[in-house]
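As C-alpha cells, the structure follows; a few thoughts come after it.
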Protein chains: 2
Amino acid sequence: MKKIKPILALLRNVKSRTFQPGEVLITEGSSNKELFFIRKGLVRCFYINSTADEITFQLFPESNIVLNFHTLLFDEPSKFVYVAYEPTKAYSIDYDFLMKLTYENAKFLELNRSFIGKRAIKQAFMRIESLVFLTPEERYIKYLQDYPNIVNRAPDKYIANVLGITPVSLSRIRNRMANRKR
Amino acid sequence: MKKIKPILALLRNVKSRTFQPGEVLITEGSSNKELFFIRKGLVRCFYINSTADEITFQLFPESNIVLNFHTLLFDEPSKFVYVAYEPTKAYSIDYDFLMKLTYENAKFLELNRSFIGKRAIKQAFMRIESLVFLTPEERYIKYLQDYPNIVNRAPDKYIANVLGITPVSLSRIRNRMANRKR
DNA sequence: ATTCTTTATTAACAATTGTTAATCTGCGTT
DNA sequence: AACGCAGATTAACAATTGTTAATAAAGAAT
C-alpha cells in the first residue's frame, strides 16, 4: 500500500474553524484531543471552583496553541472550559493523527517538537518563573510586555486571575503604577 | 549498514553517575543537554539574583528528571545551577542522542513522550495550577503531599523559595498550622 | 435616551506577606 | 565543653493582599 505524502496528509486533516464569542472549543469533562492554532481572536480557558465562580487560567490570543492539557498530558478529562471571547478563527488538527504522522515521518518530529510542544511548554516554564520570582506588580508588567494590548481586549478580572491575584488587587496595582509615573 | 538495535544503543549511552553534596550537575551559563534521572538523593536547582542571593527554583528527589530547560526548550544557556544537595546517584543520557534514537525508532517516541516529556511537563503544569489557584499555605500543604518527607531532607528556606514565598513567611505558616491543629 | 447588567474603582478592615533584626536552636568543629 | 555558624523562629513595622461592600463607570439591551 502506497503511503500518502505526509504533508498532504497533514493538510487534509487540518480543519479551519470559526467560533463566535461564547462558543466552546473544549468543554469541561471532555477528552477532546484537538490542537487549535489560533489565527485570529481570543480564547479564554477557565476553571469552575467549588463556589461556581469562574477563574480564568489562561488567555490565548493570535498565534497561540490551545490544547486540552489535562487530557494530552494526564490522560484525564479536562478540568477547564475553553471558550472564545472574541470572534475567533483557528486551525485544528487531531493530536493522535499528528502523532501518527510524527511516528511515520521523522521530519514531523522536529515540527512537532519545535512548534507545538515547545511553544506551550516554553510558555508554561516562563510562567512558573514569573510566579515564583516576581511580585504581582512585576508579573503584571511582564504580562503586558508578553501580551501587548491584551489589556484592551480582555477584562481586568480575567487578567487578575491569570496573574494569581484578585481583580481588586490588580486595580490597586494599576493605581499605584499610574501615581508613580506622574 | 546494519542498524544497531535501538535498545542496545540506548543502554550503551546511558551513564551511571554519582554526585557528592555540593557537586554541580549543570552550571550557570552552560548549554548542557544531558537528561538526568535521579535514582537516589536530592538535587537542587537555583537562580542567582542581582544581589547574589541564591533562590531555589526546584528540588528533585528520587525518580525525578533533571534537565536544563533553558537550553532544551529555549536554546539558551542555563540561568540556573543544578547541584546535588544529598549524595546522589543518577542515570544520564545525552538529549540529542535520545532524540536521534527517537527519530529512528517509533517505539522510542512513545517512551520519550510518556516518560521524559510528560513527567517534567506535567509537573510544570501542576505547579502553575498550584501557584495560580492556591494560597501559599495551601501550596505548602500540597507540596508536602506531593513530596512527602522532603521537609526532613531540605531546609525550609529552599522550600519557601520553591513555593514563591520568604522563609519567614513559611515559618509563620507552619506556626499557624500547628496552632490550628491543637 | 433610558434602563439593566457587568466591570472597575474606591473604601474600610482583617489577614497575610515582606523586610529587617534579634533571638533561639541545632550541628559540627575545635 | 566551649565556640562558631547556619537555619529557624519570633518580633516589630510597613506594605500588600484578600474580603466585603458601596460607588462609579462602561457596555449592552430595550
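Computation of the quantities below employed the complete heavy-atom set of this structure, encompassing side-chain atoms and omitting hydrogens, waters and symmetry-equivalent molecules. Order of the sequence lines fixes the chain letters, A, B, ..., with proteins taken first and strands second; residue numbering starts at 1 for each chain.
Taking the ring centre of A:Tyr47 as origin, the terminal cationic atom of A:Lys79 falls outside the region bounded by 6.0 Å and 45° from the ring axis.
Checked options A:Leu144, A:Ile165, A:Leu59; the residue passing with A:Ile159 is A:Leu59 (criterion: side-chain contact (heavy atoms from CB on, under 4.5 Å)). Of the candidates B:Leu73, B:Leu72, B:Asn68, B:Leu67, B:Asn68 is the only one forming a side-chain contact (heavy atoms from CB on, under 4.5 Å) with B:His70.
The pair B:Glu129-B:Lys142 does not meet the salt-bridge criterion, since no charged nitrogen lies less than 4.0 angstrom from a carboxylate oxygen. Here A:Glu23 does not pair with A:Arg17 in a salt bridge; the nearest charged N to carboxylate O distance is not below 4.0 Å.
If you check every strand for non-hydrogen atoms under 4.0 Å, A:Ile165 touches sugar and phosphate atoms only. Looking at heavy-atom distances under 4.0 Å, B:Ser171 makes contact with a base. When heavy atoms are screened at a 4.0 angstrom cut-off, A:Arg172 is found touching base atoms of the nucleic acid. Within the 4.0 angstrom heavy-atom criterion, no nucleotide atom of any strand lies near A:Pro167.
Side-chain contact between A:Val132 and B:Arg127: present, with at least one pair of heavy atoms (C-beta onward) separated by less than 4.5 Å. Under the 4.5 Å side-chain criterion, counting only non-hydrogen atoms from C-beta, A:Tyr158 is in contact with A:Tyr85. You'll find the side chain of A:Asp156 reaches within 4.5 Å of the side chain of A:Arg174, heavy atoms only. A 4.5 Å side-chain heavy-atom check between A:Glu138 and A:Phe133 finds every atom pair outside the cut-off. When side chains are defined from C-beta on, A:Tyr147 counts as touching A:Asn64, because their heavy atoms get closer than 4.5 Å.
Contacts between chain A and DNA chain D, taken as any atom within less than 4.0 angstrom of a protein heavy atom, begin and end at D:dT16 to D:dT20.
B:Phe69 and B:Phe74 have perpendicular rings, their planes meeting at more than 60° on a 0 to 90° scale where under 30° would count as parallel.
For A:Thr135 and B:Ala154, each mapped to the nucleotide of DNA chain D holding its nearest heavy atom, the one lying further toward the 5' end belongs to B:Ala154.
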Identify each atom pair where a protein N or O and an N or O of nucleotides 3-7 of chain C are less than 3.5 Å apart, giving names and distance.
unit_1	atom_1	unit_2	atom_2	d
C:dT7	OP1	A:Lys157	NZ	3.1
C:dT7	OP2	A:Lys157	NZ	2.7

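Here A:Asn175 does not reach the OP1 or OP2 of C:dT9: none of its side-chain N or O atoms lies under 4.0 Å away.
Note on the helix from C:dA1-D:dT30 to C:dT30-D:dA1: angle between the axes of the first and last five pairs equals 40°, rounded to 10 degrees.
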